[in-house]
Amino acid sequence: MTKELVCIVCPRSCRMTITSEGDELVVTGNTCKRGKEFAINEMTDPRRTVCTTVRTSFPSVPVLPVRVSGAIPKNKIFDLMREVNRITVSKRIGREEVVVPNILDLGVDLIATSNILKDENNET
């Protein structure tokens with residue numbers, strides 16, 4: 001099996017080819033070690049970070065931007081989004097504060113990426 005991909009680890013954007021030779025993955029086209037690691041991880045355990053919004057109970061700030069604190073398995077993104085869509089934040093939290101710890105037992109937290117709820121509170 002052969003797969004082609006573009007590395008996203010650094011600005012070089014190397015075009016790489018990954019070939020499966022028995023139990024071994026052979027990577028060509030990378031110009032650095034990190035590219036090879038990216039390609040192998042992409043073939044064996046692809047992961048992504050997710051940035052989105054959650055609802056709030058505050059009419060003046062109806063949504064709060066959030067992200068996961070680390071990469072999650074790519075095949076869990078839709079499960080994560082179903083869970084995120086159930087959340088309503090009712091506490092005035094700030095940037096980097098945890099909205100949901102260890103969301104879906106994935107080993108990452110859902111965290112706020114804005115102080116908009118705290119800042120909005122200070123303006124009233």
Side-chain angles (χ1 to χ4, degrees):
M1 176 173 91
T2 299
K3 183 175 181 178
E4 293 181 10
L5 59 90
V6 176
C7 183
I8 59 172
V9 176
C10 77
R12 289 185 186 156
S13 300
C14 297
R15 295 188 180 278
M16 299 183 292
T17 302
I18 306 114
T19 306
S20 177
E21 295 181 2
D23 291 341
E24 188 178 345
L25 293 174
V26 177
V27 180
T28 57
N30 59 301
T31 57
C32 70
K33 184 178 175 181
R34 293 184 317 164
K36 181 178 180 178
E37 291 170 8
F38 167 78
I40 291 171
N41 288 338
E42 192 63 17
M43 290 294 288
T44 59
D45 184 25
R47 292 179 168 263
R48 300 291 185 271
T49 58
V50 177
C51 300
T52 187
T53 58
V54 293
R55 282 187 293 263
T56 78
S57 60
F58 304 101
S60 59
V61 183
V63 293
L64 175 69
V66 295
R67 67 175 173 87
V68 290
S69 61
I72 64 168
K74 187 176 176 183
N75 66 354
K76 295 293 184 180
I77 292 174
F78 287 109
D79 296 336
L80 173 78
M81 290 308 299
R82 274 191 289 279
E83 186 66 22
V84 165
N85 289 333
R86 293 185 187 122
I87 299 167
T88 300
V89 173
S90 58
K91 183 176 143 188
R92 293 200 179 272
I93 61 175
R95 181 179 293 127
E96 300 300 320
E97 288 189 54
V98 175
V99 176
V100 179
N102 194 22
I103 192 158
L104 296 177
D105 292 323
L106 293 172
V108 298
D109 299 330
L110 186 68
I111 59 174
T113 61
S114 170
N115 281 324
I116 193 167
L117 287 178
K118 284 194 171 184
D119 292 346
E120 193 265 344
N121 187 37
N122 293 334
E123 293 174 8
T124 57

Novice: Taking the side chain as C-beta and beyond, is there a heavy-atom pair between Phe38 and Asn30 under 4.5 Å?
Specialist: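 Of all side-chain heavy-atom pairs linking Asn30 with Phe38, none is under 4.5 Å.
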Novice: Can you pull the salt bridge (charged side-chain N to carboxylate O under 4.0 Å, His left out) pairs that have at least one residue in residues 56-73, sequence neighbours excluded?
Specialist: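 Every pair satisfying salt bridge (charged side-chain N to carboxylate O under 4.0 Å, His left out) with a residue in residues 56-73: Arg67-Glu96.
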Novice: Please find the pair of heavy atoms, one from Gly94 and one from Asn115, that lie closest to each other, and give the distance.
Specialist: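 The answer is CA-OD1, 3.2 Å.
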Novice: Which residue pairs pass the salt bridge (charged side-chain N to carboxylate O under 4.0 Å, His left out) test when at least one of the two sits in residues 97-113, sequence neighbours left out?
Specialist: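 Pairs touching residues 97-113 that pass the test: Glu97-Lys118.
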Novice: For Pro59 versus Ser57, what's the shortest heavy-atom pair and its separation?
Specialist: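 Distance-wise, the nearest heavy atoms are CD-O, 3.5 Å.
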Novice: Does Val63 belong to the same Ile/Leu/Val/Met/Phe/Trp/Tyr cluster as Ile87, with side-chain heavy atoms less than 4.5 Å apart forming each link?
Specialist: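 No, no single cluster joins them.
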Novice: I need the Ile72 CD1 to Lys74 NZ distance, nearest 0.5 Å.
Specialist: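 Going from the CD1 atom of Ile72 to the NZ atom of Lys74 covers 12.0 Å.
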Novice: Tell me whether Ile8 is reachable from Met16 by hopping between hydrophobic residues (I, L, V, M, F, W, Y) whose side-chain heavy atoms are closer than 4.5 Å.
Specialist: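 Both belong to a single hydrophobic cluster.
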Novice: For residues Thr44 and Leu25, determine if any side-chain heavy atom of one lies less than 4.5 Å from a side-chain heavy atom of the other.
Specialist: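 Thr44 vs Leu25: side chains touch.
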Novice: Backbone N or O of Met81 within a donor-acceptor pair of the Asn85 side chain at under 3.5 Å?
Specialist: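 Answer holds: yes.
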Novice: Go through Leu104 and Lys76 one step at a time and tell me if the side-chain contact (heavy atoms from CB on, under 4.5 Å) criterion holds.
Specialist: CA-CA 9 Å; Leu104 296 177; Lys76 295 293 184 180; 5.8 Å; no
Novice: So, taking the atom named OG in Ser114 and the one named CD1 in Ile93, what distance separates them when rounded to the nearest 0.5 Å?
Specialist: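 These two atoms lie 9.5 Å from each other.
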Novice: Please write out which residues are connected to Ile111 in a hydrophobic cluster, directly or through intermediates, given that two of Ile, Leu, Val, Met, Phe, Trp, Tyr count as joined at side-chain heavy-atom separations below 4.5 angstrom.
Specialist: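 Besides Ile111, the hydrophobic cluster comprises Val98, listed by chain and residue number.
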Novice: Can you see which heavy atom on Ile18 is nearest to which on Ala39, and at what distance?
Specialist: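 Minimum heavy-atom separation between Ile18 and Ala39: CG1-CB, 3.7 Å.
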Novice: Give me each pair satisfying side-chain hydrogen bond (donor to acceptor under 3.5 Å, both in side chains) with a member in residues 9-21, each pair once, sequence neighbours excluded.
Specialist: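 Residue pairs with at least one partner in residues 9-21: Arg12-Thr31.
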Novice: With side chains defined as the heavy atoms from C-beta onward, is the minimum distance between Leu64 and Ile116 less than 4.5 Å?
Specialist: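 Sidechains of Ile116 and Leu64: in contact.
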Novice: If every non-hydrogen atom of Pro73 is compared with every non-hydrogen atom of Leu106, which pair is closest and at what distance?
Specialist: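 Closest heavy-atom pair between Pro73 and Leu106: CD-CD2, 4.3 Å.
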Novice: Report yes if some heavy atom in the side chain of Leu80 is under 4.5 Å from a heavy atom in the side chain of Thr52; otherwise report no.
Specialist: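 A side-chain contact is absent here, since even the closest heavy-atom pair is not under 4.5 Å.
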Novice: Suppose the criterion is salt bridge (charged side-chain N to carboxylate O under 4.0 Å, His left out): which pairs have a residue in residues 32-44, not counting sequence neighbours?
Specialist: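 Sorted result for residues 32-44: Glu42-Arg48.
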Novice: Could you identify which residues cluster with Phe78, counting Ile, Leu, Val, Met, Phe, Trp and Tyr as linked when any side-chain heavy atoms lie under 4.5 Å apart, either directly or through a chain of such contacts?
Specialist: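 ILVMFWY cluster around Phe78 holds nothing else.
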Novice: Between Phe58 and Val100, is there a shared hydrophobic cluster once you connect ILVMFWY residues whose side-chain heavy atoms come closer than 4.5 Å?
Specialist: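 Phe58 clusters together with Val100.
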Novice: Count I, L, V, M, F, W, Y as connected when their side-chain heavy atoms are under 4.5 Å apart, and connections chain through other members. Are Leu110 and Val61 then in the same cluster?
Specialist: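 Leu110 and Val61: one cluster.
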